[in-house]
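The structure appears right after this line, and notes come after that.
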Protein chains: 2
Amino acid sequence: MMIGEVAEKSGFSVHTLRYYEKIGLLPPSHRDSGGRRSFDDDVLRWLEFLGRLKDLGMPIRDRVLYARMRAEGDSTIEARRNLLQTYRDELAVRVASLTETLEVLDAKIASYDTTGSPSTEPRYDQDTIHP
Amino acid sequence: MMIGEVAEKSGFSVHTLRYYEKIGLLPPSHRDSGGRRSFDDDVLRWLEFLGRLKDLGMPIRDRVLYARMRAEGDSTIEARRNLLQTYRDELAVRVASLTETLEVLDAKIASYDTTGSPSTEPRYDQDTIHP
DNA sequence: CTAGGTGCTAGAGCGCACTCTAGGTCAAGC
DNA sequence: GCTTGACCTAGAGTGCGCTCTAGCACCTAG
């Protein structure tokens with residue numbers, strides 16, 4: 001697989017993939033005779049996982065740290081577990097908070113709807129009440 | 001309330017609060033005789049809501065747009081509702097995806113635990129399996 | 001009456017995570 | 001054999017969202 005195909009399948013841009021390799025998120029890739037990167041399918045699963053780590057808010061330096069430890073092998077399993085555990089716990093908190101935000105938004109949208117419909121009814125800006 | 005107290009209660013820094021006023025997230029504040037900003041308690045609820053919009057990933061320019069519309073009054077209710085609805089729907093998708101990520105992490109952490117405990121057992125790096 | 005703390009402005013600076021540019025190489029199809 | 005398009009490198013540039021600096025004003029407590 002050349003880099004363009006990986007980009008298309010993973011959703012990361014070609015530029016980003018090269019950048020990821022440069023900073024160590026991807027292992028140094030094999031090259032074909034012409035010096036072009038040649039990836040195998042594994043990289044797609046790894047990129048999908050990296051995408052999840054990114055989406056949950058893990059900063060790139062910790063993704064790099066994780067990637068480096070992964071490349072080092074079994075001796076780093078404990079540290080990797082701990083790193084993931086930390087972000088997992090943080091994520092659980094964030095999911096709870098975002099779920100609450102979802103409720104807040106639904107309430108607010110509902111209040112806008114009530115306020116908005118009948119223009120003969122008294123209007124009030126819910127923003128002044130909640131906030 | 002002076003700006004320091006707002007900072008302490010809201011969790012935003014003094015610098016950030018002034019910045020928020022400058023870009024229009026906060027209305028131009030009242031000043032005391034010495035030219036210092038004087039806030040009333042409402043601002044805390046507004047900041048809390050802004051914090052939620054921020055946390056759910058609404059970029060600052062849309063928060064500014066929302067704030068400006070809010071300042072304009074009832075004529076913008078429909079537009080505000082639509083804006084919130086858009087981000088609400090996006091958020092619902094993200095919450096679902098993050099919940100999935102939580103499961104992925106739990107599975108991975110569990111696999112690390114199994115791999116790690118008995119050092120007499122065969123070890124395998126789960127990373128080569130998933131992902 | 002003075003020292004320290006908090007406030008003010010304008011504007012520069014920063015860290016993050018890309019994203020793009022310039023100037024090239026290479027391989028496959030016409 | 002030449003064009004086209006995907007690839008290469010090093011390094012500069014970008015947008016976001018703050019964050020900090022310099023240099024000054026004010027106010028309150030000792």
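These values consider heavy atoms only, across backbone and side chains, with no hydrogens, waters or symmetry-generated copies. Note that the structure is predicted; figures quoted are calculated from it, not measured. Lettering follows sequence order; numbering is per chain, from 1.
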- Taking only residues two or more places apart in sequence or in another chain, which ones pass side-chain contact (heavy atoms from CB on, under 4.5 Å) with B/D62?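 side-chain contact (heavy atoms from CB on, under 4.5 Å) check on B/D62 returns B/M58, B/P59, B/L65, B/L83, B/Y87.
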
Over how many whole Å does the gap from [X] atom [atom1] to [N] atom [atom2] extend?
X: A/E8; N: D/dC7; atom1: CD; atom2: P; answer: 10 Å
X: A/E21; N: D/dA10; atom1: CD; atom2: P; answer: 11 Å
X: B/H30; N: C/dG7; atom1: NE2; atom2: C1'; answer: 18 Å
X: B/L53; N: D/dG17; atom1: CG; atom2: C1'; answer: 15 Å
X: B/L17; N: C/dT9; atom1: CG; atom2: P; answer: 13 Å
X: A/M2; N: C/dA28; atom1: CE; atom2: C1'; answer: 11 Å
X: A/R31; N: D/dC7; atom1: CZ; atom2: C1'; answer: 10 Å

- Aromatic B/F49 / basic A/K108 pairing, under 6.0 angstrom, 45° off normal: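 Yes, A/K108 and B/F49 form such a contact.
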
- Task: Would you verify whether the NZ or CZ of A/K9 falls within 45 degrees of the ring axis of A/F39 while also being under 6.0 Å from that six-membered ring's centre?
- Result: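 The answer is no, since A/K9 fails at least one limit relative to A/F39.
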
- Message: On the nucleotide D/dC8, are OP1 or OP2 found under 4.0 Å from the side-chain N or O atoms that A/R37 carries?
- Response: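 Yes, within the criterion.
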
- Task: Scan nucleotides 13-25 of chain C nucleotide by nucleotide, 5' to 3', and note B when protein non-hydrogen atoms come under 4.0 Å of the base, S if they reach only the sugar-phosphate, - if neither.
- Result: ---SBBBBB----

- Message: Between B/D55 and B/R52, does any side-chain N to carboxylate O distance fall below 4.0 Å?
- Response: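 Result for this pair is no, no salt bridge flagged.
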
- Query: Given the rule in the side chain to side chain contact (heavy atoms under 4.5 Å, CB included) test, do A/T99 and A/E103 qualify, once you have shown the distances and angles that lead to the verdict?
  - Reply: CA-CA 7 Å; A/T99 301; A/E103 281 158 26; 4.2 Å; yes

- Output the distance between atom CG (B/L56) and atom CG (B/L84), rounded to the nearest 0.5 Å.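 Reported to 0.5 Å precision, the distance equals 9.0 Å.
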
